[in-house]
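Per chain, numbering begins at 1; letters A, B, ... match sequence-line order. This is a predicted model, so every value here is computed, not measured.
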Number of protein chains: 2
Amino acid sequence: MNRSNTGANLPALRNHNAALVLDLLRAAGEAGISRLELAERTGLTPQAVSKITARLRDEGTATEAGRRASTGGKPRTVLKLVPSAAHAIGLHLDRDELTAVLVDLAGTLVGARTVPLDLGAEPSCVVEAAAAEAEALTGGRRVLGVGVAMPGPLDHDSGVLHRVTGFPHWNGFPLRDALAERLGRKVFLDKDTNAAALGLALRAGTRAGSFAYLHLGTGLGAGLVLGGALHRGARTGAGEFGHQTILLGGPACGCGGRGCIEALCLASVARGDIAAAARFLGVGAANLVGLLDIDEILLGGRTVTADQDTFVRGVAAVVEERARRGGAPEVPVRPAAGGPHAVAEGAAQLVLVPVFGRANVAYPQA
Amino acid sequence: MNRSNTGANLPALRNHNAALVLDLLRAAGEAGISRLELAERTGLTPQAVSKITARLRDEGTATEAGRRASTGGKPRTVLKLVPSAAHAIGLHLDRDELTAVLVDLAGTLVGARTVPLDLGAEPSCVVEAAAAEAEALTGGRRVLGVGVAMPGPLDHDSGVLHRVTGFPHWNGFPLRDALAERLGRKVFLDKDTNAAALGLALRAGTRAGSFAYLHLGTGLGAGLVLGGALHRGARTGAGEFGHQTILLGGPACGCGGRGCIEALCLASVARGDIAAAARFLGVGAANLVGLLDIDEILLGGRTVTADQDTFVRGVAAVVEERARRGGAPEVPVRPAAGGPHAVAEGAAQLVLVPVFGRANVAYPQA
DNA sequence: TCCACTTAAGCAACGCTGTTGCCAAAGTGC
DNA sequence: GCACTTTGGCAACAGCGTTGCTTAAGTGGA
């Protein structure tokens with residue numbers, strides 16, 4: 001059951017178990033999964049799984065697709081997710097560009113649009129532009145909601161923006177509610193790094209329970225996935241990785257501090273010393289691995305992509321050195337998969353998270 | 001519902017809701033709480049709460065205790081937890097000392113024993129000594145289980161010790177199972193810093209959803225409580241705070257690295273410059289606040305206790321300075337409450353956590 | 001070809017959960 | 001003293017997963 005402070009009743013129980021089954025169906029992908037295997041993995045009885053999958057088939061969310069080889073008795077029937085049963089829209093509002101994607105239940109990209117955007121414009125104009133892109137992608141399909149990713153800071157719970165860097169007029173704007181009213185759909189808002197991390201968490205192959213996505217572009221930030229769920233912190237402020245001090249009394253940073261990783265990394269990049277930048281990044285990654293005991297480090301962002309191998313090797317070297325000293329486990333460092341729509345696709349996953357039961361860690365109210 | 005990957009059935013539902021109600025009863029303490037208030041807080045219907053509390057009263061876990069003033073109708077009946085309905089034992093196995101405590105359901109200390117201990121002795125002898133202390137405290141009471149806190153590293157999930165610093169013969173010893181078999185009781189194992197953090201999380205007054213407990217004694221470590229639950233990481237390795245690099249190329253640390261907070265802090269303490277030690281600790285705390293967006297920093301450990309005000313002020317100054325730069329929220333820094341048995345009491349809470357539904361964040365299997 | 005055996009999955013009855021509708025209990029205040 | 005408000009239990013109920021059993025659909029040996 002998902003962590004929460006609220007009581008659960010029978011409908012909640014039913015949703016929980018259905019979401020669990022859907023998550024396994026999604027993870028099984030094209031290979032499918034049998035009822036008995038679902039029963040084994042969920043801990044439910046086979047009969048319960050039969051009932052749940054029957055409901056899902058009635059809804060059109062799941063379907064039977066062939067059968068496995070017999071092992072001496074009746075062969076198992078293979079069940080699969082029907083990805084086209086529902087869709088989600090993801091919007092990435094960047095400083096100068098708006099990317100909108102439509103994904104199906106499996107997270108597969110169905111459609112994408114990219115248009116120029118001026119975040120400096122009136123919020124109402126931006127809302128209108130975003131809504132127009134979302135509607136253009138819908139096309140009569142069953143759309144569960146819209147996920148929006150933006151540069152922070154913002155508050156996920158209330159859906160309100162804070163002092164977006166360089167765009168003070170956004171301060172306090174209730175973007176989520178404004179867009180939800182305009183579109184008549186559920187809207188979810190999160191930071192771009194969080195959306196990217198969520199997208200990575202749900203990519204086939206990245207089944208790590210917890211990892212950090214480090215994004216080095218014009219700035220340096222992180223998205224944290226802990227125990228399979230996005231860690232946002234109480235105010236959606238988590239992931240402030242770039243202004244971690246790693247060199248006391250070091251060079252001044254734009255934030256007013258000294259010796260921040262971001263300043264050190266970007267200065268190294270500016271003078272062309274990518275290996276040094278990678279080592280700085282690695283120090284922060286090693287600190288993070290020790291503090292949180294995560295399974296994996298994923299690197300992304302324009303600056304990383306430009307010299308991917310150097311960054312991956314440099315960060316891995318520092319992390320491994322620390323593991324050898326016994327201060328941290330051996331943690332793989334890999335480049336983050338994902339094309340030009342990675343953030344928008346992650347934003348779409350904000351909508352799909354509750355469907356598949358991978359609820360976010362809930363925070364008790366003060 | 002608690003986050004998990006397993007299916008839920010009616011008994012699980014019932015336990016979840018009962019635990020939720022018990023948690024609210026515990027939080028209400030001597031003041032008590034009415035049925036309607038419980039209904040409001042849990043989201044359950046008043047009738048469901050009536051049924052649940054009736055079961056708890058039958059069990060002897062809750063009781064009616066007076067009534068509130070009327071607001072124009074029938075006055076509300078106040079319900080309270082019956083702390084003596086069950087107990088938990090907490091063991092703190094330190095390098096040279098074994099502390100055992102008995103606490104009731106409310107977490108109140110009922111009994112305590114402290115004896116010398118040699119962690120260098122045979123594991124079987126230590127198990128025997130620990131079991132004897134636990135049994136001496138039981139005294140015919142209903143004891144739900146035994147929580148054990150030790151210096152790490154160790155694995156909470158399997159209950160197996162790793163290379164305990166300075167005591168290599170413990171490597172791989174299945175302490176949890178050995179003690180469970182010897183005592184015939186459920187046993188839970190965790191790091192001392194985690195137990196301390198858990199104890200703080202459940203102390204009245206510390207209702208922060210997430211905080212970091214920084215422990216500065218002979219070493220420097222941290223216990224992290226995120227979203228009301230202990231964050232252990234996949235291998236119970238989280239909280240390695242002391243060997244975070246904050247001064248690249250700085251003085252050598254015992255771990256083999258350079259510029260670790262622990263080395264810097266302890267060196268400052270050694271030469272009597274407590275204010276400098278506090279500032280170093282503050283840099284790490286500020287890094288952590290930014291990364292995890294927590295609500296509070298709690299400081300403890302012998303070294304901190306010796307100069308509490310200096311440490312609290314010094315750390316708070318650095319954290320506040322960072323908040324002013326906009327890089328992190330304003331986070332209070334406070335001394336950790338708790339007497340000589342704080343760790344053992346936290347260990348006992350390991351047993352009580354599932355009773356009150358504040359389950360730990362579950363990690364998906366690989 | 002038949003038949004015993006194995007394995008998968010549905011049917012029906014069941015126990016138990018929280019919910020709903022209603023009513024009794026226990027106050028306040030004109 | 002009576003109308004009103006508020007609390008909380010009783011009884012009937014819908015719906016969840018579970019249990020016991022039956023049917024479906026294969027394998028493999030005689």
Side-chain angles (χ1 to χ4, degrees), chain A residues 1-2 4 6-22 24-25 32-59 62-80 357, chain B residues 1-2 4 6-22 24-25 32-59 62-80 357:
Chain A
M1 299 195 261
N2 297 315
S4 76
T6 58
N9 51 21
L10 289 174
L13 184 76
R14 170 190 171 136
N15 280 340
H16 170 77
N17 287 338
L20 224 54
V21 168
L22 276 175
L24 289 171
L25 284 170
I33 185 169
S34 71
R35 288 177 179 78
L36 282 166
E37 210 175 335
L38 287 169
E40 210 174 308
R41 301 261 228 127
T42 56
L44 293 168
T45 59
Q47 184 59 23
V49 171
S50 272
K51 285 188 180 178
I52 292 165
T53 54
R55 286 197 299 260
L56 295 177
R57 284 189 297 153
D58 282 350
E59 282 175 24
T63 187
E64 295 192 346
R67 36 186 59 181
R68 292 233 198 287
S70 166
T71 59
K74 177 174 175 176
R76 300 185 173 186
T77 311
V78 172
L79 297 168
K80 279 191 200 172
Chain B
M1 299 195 260
N2 298 313
S4 77
T6 58
N9 50 21
L10 288 175
L13 183 77
R14 170 190 170 134
N15 280 341
H16 170 79
N17 287 338
L20 223 56
V21 169
L22 276 175
L24 289 171
L25 284 170
I33 184 169
S34 71
R35 288 178 180 79
L36 282 166
E37 209 174 335
L38 287 169
E40 208 174 310
R41 301 263 226 126
T42 57
L44 294 169
T45 59
Q47 184 58 21
V49 171
S50 273
K51 285 188 180 179
I52 292 165
T53 54
R55 287 198 298 262
L56 295 177
R57 284 188 298 151
D58 282 349
E59 282 175 22
T63 188
E64 296 192 343
R67 37 186 58 180
R68 292 229 201 289
S70 165
T71 60
K74 179 175 175 176
R76 302 185 172 187
T77 311
V78 172
L79 297 168
K80 279 190 198 174

**Item:** Interatomic distance, A:L36 CG vs C:dG10 C1' [rounded to whole Å]
**Value:** 12 Å
**Any side-chain heavy-atom pair of A:R55 and A:D58 under 4.5 Å** = no
**Message:** Any base atoms under 4.0 Å from A:R68, or only sugar-phosphate, or nothing? Heavy atoms, all strands.
**Reply:** nothing
**Asked** Got a second to check how far A:T77's OG1 is from A:R68's CZ, nearest 0.5 Å?
**Response** 10.0 Å
**Message:** Expressed as a whole number of angstroms, how long is the span from B:R57:CZ to D:dG8:C1'?
**Reply:** 10 Å
**Message:** Measure CZ/A:R76 against P/D:dT27 and give the value in whole Å, please.
**Reply:** 15 Å
**Request:** Return no unless some side-chain N or O of A:N17 is found under 4.0 Å from OP1 or OP2 of D:dC16.
**Result:** no
**Request:** Kindly check if the number of other-residue, nucleotide or ligand heavy atoms within 6.0 Å of CD (A:E40) is above 12?
**Result:** no
**Item:** Student check: side-chain heavy atoms of B:I52 and B:L44 closer than 4.5 Å
**Value:** yes
**Prompt:** What nucleic acid atoms does A:T77 come within less than 4.0 Å of, heavy atoms only: base, sugar-phosphate, or nothing?
**Reply:** sugar-phosphate
**Request:** Looking at every strand, decide which applies to B:L10 at a 4.0 Å heavy-atom threshold: base, sugar-phosphate, or nothing.
**Result:** base
**Item:** B:L79 and B:V21, any side-chain heavy atoms less than 4.5 Å apart
**Value:** no
**Request:** State the CG-CG distance between B:N17 and B:L38, to the nearest 0.5 angstrom.
**Result:** 11.5 Å
**Fill in**
Side-chain contact check for A:K51: nearest option of D:dG17, C:dG10, D:dG9 is D:dG17
**Request:** Could you tell me whether B:P75 contacts a base, only the sugar-phosphate backbone, or nothing, with contacts defined as non-hydrogen atoms closer than 4.0 Å?
**Result:** sugar-phosphate
**Request:** Specify the separation, in whole Å, of atom CG of A:L20 and atom P of D:dG17.
**Result:** 11 Å
**Request:** Grab the CD-P distance between A:Q47 and C:dA12 for me, whole Å please.
**Result:** 11 Å
**Of the listed nucleotides C:dT19, C:dA26, D:dT19, the one nearest the side chain of B:R67** = C:dA26
**Message:** It should be established whether B:S50 places a side-chain nitrogen or oxygen under 4.0 Å from OP1 or OP2 of nucleotide D:dG8.
**Reply:** no
**Fill in**
Ranking C:dT19, C:dT17, C:dA9 by distance to the side chain of B:L13, first place goes to C:dT17
**Asked** So how far is it from B:K51 NZ to B:L56 CG, rounded to the nearest 0.5 Å?
**Response** 14.5 Å
**Prompt:** C:dT17, C:dA9, D:dT18: which one has an atom nearest the side-chain heavy atoms of B:R14?
**Reply:** C:dT17
**Item:** Length of the CD-P vector between A:E40 and C:dT7, whole Å
**Value:** 14 Å
**Request:** Round to the nearest Å and state the distance from B:H16 atom NE2 to D:dG17 atom C1'.
**Result:** 17 Å
**Prompt:** Between C:dG18 atom P and B:L38 atom CG, what is the distance in whole Å?
**Reply:** 14 Å
Polar pairs (N or O, both sides) under 3.5 Å between protein and nucleotides 1-5 of chain D?
| unit_1 | atom_1 | unit_2 | atom_2 | d |
| --- | --- | --- | --- | --- |
| D:dT5 | O2 | B:G72 | O | 3.3 |

**Asked** Heavy atoms under 4.0 Å, any strand shown: does A:R55 hit a base, just sugar-phosphate, or nothing?
**Response** sugar-phosphate
**Fill in**
Here the gap from B:R14 atom CZ to A:L13 atom CG, rounded to the nearest 0.5 Å, amounts to 14.5 Å
